[in-house]
Amino acid sequence: MSPEDQAPHRILVLPAGFTFEQRDAGRSLLQSALAAAIRLPNSCRNGTCRTCMCRMTSGSVDYQIEWPGLSKEEKRDGWILPCVAIATSDLVLDIPTAIDLTA
């Protein structure tokens, strides 16, 4: 990873407008969201069940596993699995079912 990939990245979750940062390159987007008291849909947390699958409308990610449970076409169309994805830039995610755990 380049130094830019390791910098804190700002994550915007639409349509609610929740934001959080991914500061630790070893932490998944799901883990970073939970640390910021934002609940994203999840179940297996290992990239196979697809419960967390959401659309990334801008930005880029890498994965903690070699082949997450997405097809090439889904990846091309912007779908990601936050449970095993790591931000490599600022992101905008479309996750209508995200919940603010502090509310």
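Values reported hereafter were calculated over all heavy atoms of this structure, with side chains retained and with hydrogens, waters and symmetry mates removed.
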Indicate yes or no for a side-chain donor-acceptor contact from [X] to the backbone of [Y] under 3.5 Å, with no hydrogens or angles considered.
X: Q22; Y: H9; result: no
X: T88; Y: S60; result: yes
X: N42; Y: L40; result: yes

Taking every non-hydrogen atom, the tightest pair across [X] and [Y]:
X: P15; Y: P96; value: CD-CA, 3.5 Å
X: C83; Y: S28; value: O-CB, 3.3 Å
X: F18; Y: A98; value: CE1-O, 3.5 Å
X: P68; Y: V84; value: CB-CG2, 4.2 Å

request  = Enter the distance from M56:CE to D77:CG here, rounded to the nearest 0.5 Å.
outcome  = 11.0 Å
Reported CG-to-OG distance for the pair D62 and S89, which is rounded to 0.5 angstrom = 10.0 Å
note = Contacts of Q64 meeting side chain to side chain donor-acceptor pair (under 3.5 Å) (sequence neighbours excluded), chain-then-number -> none
query = What residues, two or more places apart in sequence or in another chain, satisfy side chain to side chain donor-acceptor pair (under 3.5 Å) together with R10?
reply = none
task = Using the side chain to side chain donor-acceptor pair (under 3.5 Å) rule, collect all pairs that involve residues 93-103, keeping only residues at least two apart or in two chains.
result = D100-T102
ask   = Can L30 and R45 be said to form a side chain to side chain contact (heavy atoms under 4.5 Å, CB included), step by step?
value = CA-CA 8 Å; L30 174 62; R45 297 185 182 203; 3.8 Å; yes
remark   = Residues passing the salt bridge (charged side-chain N to carboxylate O under 4.0 Å, His left out) test with R27, sequence neighbours excluded, are none
key: Pairing residues for T48 by the side-chain contact (heavy atoms from CB on, under 4.5 Å) criterion, not counting sequence neighbours   = C44, N46
ask   = Looking at residues at least two apart in the chain, or sitting in another chain, which of them share a side-chain contact (heavy atoms from CB on, under 4.5 Å) with E74?
value = R50, M53, L70, S71, W79
ask   = Is there a side chain to side chain contact (heavy atoms under 4.5 Å, CB included) between F20 and V13 once you walk through the steps?
value = CA-CA 8 Å; F20 64 94; V13 179; 3.8 Å; yes
request  = Look at the side-chain heavy atoms of Ile, Leu, Val, Met, Phe, Trp and Tyr, link any pair under 4.5 Å apart, and say whether L34 and L12 land in one connected group.
outcome  = no
query = If two hydrophobic side chains count as joined below 4.5 Å and joins carry through other members, does V92 share a cluster with I38?
reply = no
message = Please determine whether side chain to side chain contact (heavy atoms under 4.5 Å, CB included) holds for the pair I86 and V61, giving the CA-CA distance in whole Å, both sets of side-chain angles, and the decisive distance to 0.1 Å.
response = CA-CA 5 Å; I86 299 171; V61 297; over 6 Å; no
ask   = For I95 and L14, what are the C-alpha separation, side-chain angles and deciding distance, and is it a side chain to side chain contact (heavy atoms under 4.5 Å, CB included)?
value = CA-CA 6 Å; I95 310 175; L14 298 177; over 6 Å; no
